[in-house]
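First comes the structure, then the notes that go with it.
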Amino acid sequence: MKITLEDLPSELLIKIVSLLRYHDILRTQAVSKRFEELIRTSVRLQYIIELGVAGYVHNPFEPLFTEQRLRMLVEHQAAWKRLDLRIANTISMSGLGDYRKYDRGIYLRLDANTMPGFDTLDVFDLMSPNLPSWSIHTDFEFSNDCEVDPVQDLIVLPHVSSVQQGSSLDISVLSLRLGTIHPRASCSPIRVGFESWDMPLCTSVQVADDVVALSVYTHRFAHKFEVVILEWTTGAVKMRLSQPVDRVLRDFYIVSPQWLLVTSVTRYPGRLPAVDVYSLDGMASMAEAGGTRVPTHVATYELPPPRPEHVARIRINGNNAWNYHKSSVYQSVLGCPFGTSKLSSIVHLTLRLVEVLSSDAPDGRRQHVFDIFTPLSTFLGNVETLNEGNPTEPLLVPWNVWGPQSTRWFRDLAAIHTASTHGCRVIWPDRVWDFNRIDNVRDISRRENVSPWSYIHDLPTIIKGASVFLEDIVSWLPYRETYIQSPLTLQGMWTTDRLVGWNVNIESAFYWNPVDNGTSQITEEGLDVHLLEGVTLPPLCASI
């Protein structure tokens with residue numbers, strides 16, 4: 001007796017089909033009418049499809065039924081396309097400090113009593129209902145290039161000294177809540193150094209689980225930097241990426257303990273900006289002289305070539321926010337049944353072209369600034385292929401192969417610092433840009449206009465080359481622009497597992513000063529933090 005696949009019971013077919021990826025499930029619908037009805041009516045399969053379309057992943061720590069998960073997911077996606085935000089609570093904080101930083105629900109305020117560094121920072125946990133705050137005092141001075149990870153109760157502070165010397169630098173690994181040595185760190189501070197370094201200066205810190213990445217400049221090569229990857233739990237240096245012979249490194253983003261993105265500019269001739277992909281897999285890395293391993297350069301994605309008289313500088317901003325880390329006690333943040341896949345998150349590149357000896361600029365250096373948005377999957381979408389590549393010959397991807405269809409360019413976004421990114425969305429005080437390619441293409445094919453406040457831009461953006469590039473720049477990554485219906489008059493928006501708006505308030509008061517028999521002015525500075533309702537952001541998962 002011959003038994004075909006369609007002869008199997010529906011329950012068994014659903015179990016088999018659920019092992020497929022969501023786009024394969026969609027293709028399976030075309031096999032027959034039975035498969036089409038089976039997939040259309042199965043809550044389990046519909047949940048897998050909607051997760052994939054939204055760019056989300058399943059949260060195994062949340063024990064909700066599949067029907068509940070699917071309903072919450074559909075409502076969540078619809079809320080982003082009809083944004084109606086409300087202020088649930090406003091918290092006023094006095095003082096602005098000399099430096100402010102918001103990262104993953106934590107607001108940091110630093111006041112400089114002495115220079116060049118800080119020895120005290122105030123910490124505010126904006127995600128807790130009663131807004132706990134505390135101060136961390138140190139017996140050393142640290143820079144404002146610190147990094148926090150509230151999920152791991154971690155803060156990393158690079159040390160600074162009034163007199164730079166030697167061939168090493170120190171970083172301290174502390175508990176974010178206690179300010180003491182982190183309980184999982186075997187030592188603190190951690191000393192990092194190499195004989196080739198001359199007066200090193202740490203200019204940026206990024207954390208990915210148990211790995212810390214540092215960008216380090218040296219006195220001898222002030223215009224260059226290298227990236228050092230170390231384990232903060234042990235203090236051991238895992239890898240060191242020095243300046244390549246054929247390019248100048250500009251900025252970096254550690255995606256995970258396995259992957260590193262670095263922006264660079266090729267040396268003469270050309271000065272071509274690019275994004276380089278490096279593997280941090282120890283098995284695939286080669287050993288440097290002295291035993292330190294180096295990341296494996298697996299791919300280079302070129303950007304459009306500027307005209308020869310321009311100097312290119314390129315920065316990269318990735319996506320952090322909450323993650324499900326093995327050491328976390330917050331693994332079911334707000335009970336969210338799904339999380340944002342890091343691979344589907346957006347990467348923000350800022351390309352700055354400096355035109356030297358410009359006749360219409362007062363100092364002879366006119367600048368052209370371009371902001372470029374592309375999904376992280378553009379660079380890491382086919383991880384298996386990248387891993388199998390030849391380490392001695394990185395994959396070279398020209399701009400016209402990957403760029404036009406995978407990016408969206410904007411010129412002179414003056415207020416870009418007031419926006420934040422979470423997953424595939426860029427969030428402004430008055431609107432949201434959603435770069436979810438699959439969801440946007442599906443809505444276009446359905447000809448769905450969900451709201452007059454929401455519109456999908458699917459026509460190309462053309463930036464004339466003129467005197468800046470050799471050719472015109474064309475980009476047509478679709479994105480949805482959704483305006484926030486309630487005018488909140490915010491100066492900026494922060495994101496983590498919820499939306500937080502903020503305004504800076506500066507008030508002046510006059511009083512009679514009997515000392516000089518005149519009036520004196522007192523200026524009070526403060527920050528109003530607005531906790532917003534109307535949509536909840538799922539945590540951003542670290543796995544890719």
Side-chain angles (χ1 to χ4, degrees), residues 101 103 143-149 156 158 169 171 192 194 197 200-218 221-232 237-267 272-282 284-285 288 292-303 312-321 342-343 345-352 371-380 383 386 394 421 542 544:
K101 180 176 182 177
D103 196 349
S143 73
N144 56 17
D145 295 299
C146 56
E147 176 77 344
V148 300
D149 186 345
V156 181
L169 56 85
I171 63 170
V192 187
F194 297 92
W197 281 2
L201 176 65
C202 177
T203 58
S204 181
V205 181
Q206 295 181 26
V207 174
D209 294 345
D210 291 348
V211 170
V212 168
L214 311 174
S215 62
V216 180
Y217 284 81
T218 62
F221 303 107
H223 63 292
K224 304 176 184 178
F225 81 86
E226 54 185 74
V227 182
V228 179
I229 311 293
L230 59 89
E231 295 176 342
W232 63 264
V237 173
K238 289 187 62 177
M239 295 184 184
R240 177 189 180 190
L241 176 61
S242 301
Q243 282 284 340
V245 176
D246 60 339
R247 61 210 324 109
V248 177
L249 307 184
R250 289 298 187 186
D251 199 10
F252 77 99
Y253 167 44
I254 183 165
V255 178
S256 70
Q258 290 77 41
W259 294 102
L260 175 73
L261 300 183
V262 178
T263 60
S264 65
V265 178
T266 56
R267 299 183 188 274
L272 185 66
V275 177
D276 300 320
V277 182
Y278 289 87
S279 170
L280 302 180
D281 186 347
S285 300
E288 262 189 351
T292 303
R293 306 186 74 85
V294 299
T296 303
H297 185 190
V298 296
T300 290
Y301 290 80
E302 295 180 337
L303 271 75
R313 299 170 182 169
I314 180 169
R315 295 186 60 83
I316 183 170
N317 294 304
N319 218 305
N320 289 317
K342 198 160 193 176
L343 194 59
S345 65
I346 202 75
V347 172
H348 173 202
L349 302 169
T350 300
L351 177 62
R352 188 182 303 271
D371 291 282
I372 309 162
F373 297 92
T374 185
L376 179 60
S377 58
T378 299
F379 308 118
L380 298 181
V383 173
L386 292 176
T421 61
I544 60 169

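Note that the numbering runs from 1 along the sequence shown for the chain. What you see is a predicted model; the values in this text were computed from it and never measured.
- Under a 3.5 Å cut-off, the side chain of E226 and the backbone N or O of T218 do not form any donor-acceptor pair.
- Rounding to the nearest 0.5 Å gives a distance of 6.0 Å between OG1 of T374 and CD1 of I346.
- Between V216 and L201 there is no side-chain heavy-atom pair separated by less than 4.5 Å.
- Across every non-hydrogen atom of D276 and H297, the tightest pair is OD1-NE2, 3.7 Å.
- Between the side chains of D145 and T203, not a single donor N or O lies within less than 3.5 Å of an accepting N or O.
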For a side-chain contact (heavy atoms from CB on, under 4.5 Å) check, start with the C-alpha distance between V205 and I171, then their side-chain angles and the critical distance, and finish with the verdict. CA-CA 10 Å; V205 181; I171 63 170; 5.5 Å; no

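- Taking the side chain as every heavy atom from C-beta outward, I229 and V237 never approach each other to under 4.5 Å.
- Note that the CG atom of L214 and the CG atom of L169 stand 7.0 Å from one another [nearest 0.5 Å].
- Separation of atoms CG (L230) and NZ (K238) is listed at 10.0 Å; rounding is to 0.5 Å.
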Between L241 and Y278, does a side-chain contact (heavy atoms from CB on, under 4.5 Å) hold up when you go through it step by step? CA-CA 10 Å; L241 176 61; Y278 289 87; 3.7 Å; yes

For D246 and T266: C-alpha separation, side-chain torsions, deciding distance, then whether side-chain contact (heavy atoms from CB on, under 4.5 Å) applies. CA-CA 6 Å; D246 60 339; T266 56; over 6 Å; no

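- Closest non-hydrogen pair, V294 versus R240, comes out as CG1-O, 3.4 Å.
- Looking only at side-chain heavy atoms (C-beta outward), V262 and V275 stay at 4.5 Å or farther from each other.
- With Q258 contributing its side chain and L280 its backbone, the two residues share no donor-acceptor pair below 3.5 Å.
- To the nearest 0.5 Å, atom CG of residue L351 and atom CD1 of residue I372 are 5.0 Å apart.
- Shortest non-hydrogen contact noted between D209 and W232 is O-NE1, 2.9 Å.
- Residues V211 and I254 have side chains in contact (heavy-atom distance under 4.5 Å, counting atoms from C-beta outward).
- Put simply, NZ on K342 and CH2 on W259 are 14.0 Å apart, with the number rounded to the nearest 0.5 Å.
- Across P158 and C146, no two heavy atoms sit closer than the pair CD-CA, 4.1 Å.
- When all heavy atoms of V192 and W197 are compared, the closest pair comes out as O-CZ3, 3.5 Å.
- Between atom CZ of residue F373 and atom OG1 of residue T378 there is a gap of 13.5 Å, rounded to the nearest 0.5 Å.
- The backbone N or O of V298 lies less than 3.5 Å from no partner atom in the side chain of T296, so there is not a single donor-acceptor pair.
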Using the rule given for side-chain contact (heavy atoms from CB on, under 4.5 Å), can you reason through R352 versus R250, listing the C-alpha separation, both sets of side-chain angles and the distance that settles it, and then say yes or no? CA-CA 11 Å; R352 188 182 303 271; R250 289 298 187 186; over 6 Å; no

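- Nearest approach of A274 to L303, heavy atoms of both residues: CA-CD1, 4.0 Å.
- Between V156 and V148 the shortest side-chain heavy-atom distance does not fall below 4.5 Å.
- Although no hydrogens or angles enter the test, the distance criterion places a donor-acceptor pair under 3.5 Å between the side chain of Q243 and the main chain of L249.
- Using modelled atom types, no side-chain atom of S204 and backbone atom of S215 make a donor-acceptor pair closer than 3.5 Å.
- At a cut-off of 3.5 Å, with distance as the only test, a side-chain donor of D371 or T350 sits close to an acceptor on the other residue.
- Remark: D251 pairs with T263, R315, I316 by the side-chain contact (heavy atoms from CB on, under 4.5 Å) rule, at least two apart or across chains.
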